[in-house]
Amino acid sequence: MLQLQIIRQDRDGVKKRLAVKYFAELGVVDKVLELDDQRKKLQLEFDNIQAKINTSSKEIGQLMAKGEKENAERLKQQVTSLKASLQPINNKLSETERELQNELVKLPNLPSQKVPLGKTPEDNVIIREGGNKPKLPAGAKPHWELIKQYDIVDFETGAKITGSGFPLYKGKGAKLQRALIQYFLDYNTAAGYTEYLPPFMVNETTAFGTGQLPDKEGQMYYMQTDNFYMIPTSEVPLTNIYRDEILKDADLPMKLTAYSPCFRREAGSFGKDVRGLNRVHQFEKVEIVQIVHPDTSYETHEEMVDHVEKLVQSLDLPYRILNLCGGDMSFASALTYDFEVYSAAQDKWLEVSSVSNFETFQTNRMKIRFKDTNGKSQLVHSLNGSSLALPRILACLLENNQSDEGIKLPLILHPYFGDSMLRN
RNA sequence: GGAAAGAUGCCGGAGUGGUUGAACGGGACGGUCUCGAAAACCGUUUCCCGAUGGAAAUCGGGACGAGGGUUCGAAUCCCUCUCUUUCCGCCA
């Protein structure tokens, strides 16, 4: 949620930045300011009357103590009529506050100055590329065939148990997942991230905090009986750890990591991209989150990108890093770099990580603050990134490293997997 | 799932209708003392909204789990909800 203060200070600037995201309803900005003015006026009116009521009430107490019952009764009547006049103002005030909130949450985060202009994924800017695309032998197979060949993921049985998009990992496939999770977590904790294992379902307030609600209900699985949502990423529970807290300057940065399964309904996405492991409803992911001082969040962003890049490099996969353009980035983000790995047999780039700076967009919703050196509290910045999402990594490992003997695994995974190759 | 108790500031913990934003203790911070530290002593320590002001600040309103209600006045009384603890049941 955008900070009201920023909108007040620079209405036109805000509109300009929103236009970079192709946000069409710029009238919301004016509406917000209008409601804000109205709110302030009502607040002032309310406060003045309430102040009178408060002083009179104290007086009544004193009169009663002195035994001046008649005077007390007279004052009581005055207060009663004051209260009656306060009622409609109070109603109007709460309604205005509600409306203001409803408008405010419609506004996406402002893209930072680093965000490239553009509307579609074609406008994303490639920051870096790394690794070498393998030369695959003739007859190389896409991962969905290799999966069958090595009998490591069973989609049909997953569909039988649950539904399509719920893969059932089996044997070496299950073990490789475990190995990757273990490695990613080790890698993150070695860099100073504290490991968590969070709840996989969250309540409404938590889902609101990171920006999943309102409006994105359709993307999450929902438990009606208990009013819980299955997490689409562990970013949601992790960032909410500090909801409604005021941290100490010295506590920053907070660095958190967690493995979790991620549940996504992927409503509205179907077609050719859903083949195999490219897009599924449940997948494994290790996430990193940082809560940082507002002055350093862009340095932190670079640091996190660097962290993820080295992780991808350690897997010997060809990759590229994209700076997402205004039209392609998410509602809550101020700057997003996507990591894609090259899936050779499909000849496709697959997104495996998305590292974003949310500035105060999430922390304003969650009221995560810190005391600065002057003792004033201000909002911290939040960032997160995947490190990494597993299915597409697996798809690339399978496709890029296939050979007659088996799937060659990157060196770093050998101790985790217990073998240098995935074989039949 | 059943029963009972409880939820107060950074923490512990008082407070059962009228200067209680909140006693007391602890912690943290600042100061005195000390070569330095400890101890002791003194002091400071919640947050949100608004008005005036350049700012420091001053003033007003709100917040004692959340939301409603009673009352001139609520941390204190009533209702609903959430959570915690203990006991019973069930159980990985």
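First the proteins, then the strands, lettered A, B, ... as listed; each starts at 1. Given the structure is predicted, the values throughout are model-derived calculations rather than measurements.
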Would you please say whether a donor-acceptor pair under 3.5 Å links the side chains of [X] and [Y]?
X        : Y        : answer
A:Ser314 : A:Tyr183 : yes
A:Lys141 : A:Gln149 : yes
A:Glu303 : A:Gln290 : yes
A:Gln362 : A:Glu235 : yes
A:Asn227 : A:Tyr222 : yes

Kindly say if [X] contacts the phosphate of [N], meaning a side-chain N or O under 4.0 Å from OP1 or OP2.
X        : N     : answer
A:Ser57  : B:A74 : no
A:Arg39  : B:G50 : yes
A:Lys83  : B:G73 : yes
A:Arg369 : B:C48 : yes
A:Gln43  : B:G61 : no

Distance check, [atom1] atoms only: [N] and [M], in whole angstrom units.
N     : M     : atom1 : value
B:C29 : B:A66 : P     : 30 Å
B:G69 : B:A14 : P     : 31 Å
B:G30 : B:C87 : P     : 44 Å
B:G25 : B:C77 : P     : 27 Å
B:U34 : B:A39 : C1'   : 11 Å
B:U16 : B:U8  : C1'   : 14 Å
B:A75 : B:U20 : C1'   : 9 Å
B:U86 : B:G67 : P     : 28 Å

Atom-pair distance ([atom1] on [X]; [atom2] on [N]), nearest Å:
X        : N     : atom1 : atom2 : result
A:Lys371 : B:A28 : NZ    : C1'   : 12 Å
A:Lys40  : B:C48 : NZ    : C1'   : 15 Å
A:Ile60  : B:C72 : CD1   : P     : 8 Å
A:Asp37  : B:A51 : CG    : P     : 10 Å
A:Asn54  : B:G73 : CG    : P     : 10 Å
A:Glu45  : B:A51 : CD    : C1'   : 14 Å
A:Phe370 : B:C10 : CZ    : P     : 18 Å
A:Ile53  : B:G61 : CD1   : C1'   : 11 Å

Spatial distance of atom NZ (A:Lys76) from atom OG (A:Ser57) [nearest 0.5 Å] |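 A:Lys76 atom NZ to A:Ser57 atom OG measures 10.5 Å (nearest 0.5 Å).
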
On RNA chain B, nearest-nucleotide positions of A:Glu97 versus A:Thr55: which is more 5'?
-> A:Glu97

For RNA chain B, whose closest nucleotide is more 5', that of A:Phe46 or that of A:Leu75?
->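 Its nucleotide being nearer the 5' end, the pick is A:Phe46.
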
The dot-bracket string of RNA chain B, counting Watson-Crick and G-U wobble pairs with both distances under 3.5 Å, using [ ] for crossing pairs and | for pairs to another strand, is ((((((((.[[[..)..(.....]]]((((((.......))))))(((((((....))))))).[[[[[..)....]]]]])))))))....

Which of parallel (below 30°), tilted (30 to 60°) and perpendicular (above 60°) describes A:Tyr221 and A:Phe263?
->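 The arrangement is perpendicular - the two ring planes meet at more than 60°.
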
So A:His307 and A:Tyr187, would you call those rings parallel, tilted or perpendicular, with 30° and 60° as cut-offs?
->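 Judged by the thresholds at 30° and 60°, the geometry between A:His307 and A:Tyr187 is tilted.
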
Reckon A:Thr80 touches a base, only the sugar-phosphate, or nothing at all at heavy-atom distances under 4.0 Å?
-> sugar-phosphate

Can you find a donor-acceptor pair, distance only, under 3.5 Å between A:Asp47 side chain and B:G60 base?
-> yes

Charged tip of A:Arg365 within 45° of A:Phe208 ring normal and under 6.0 Å = yes

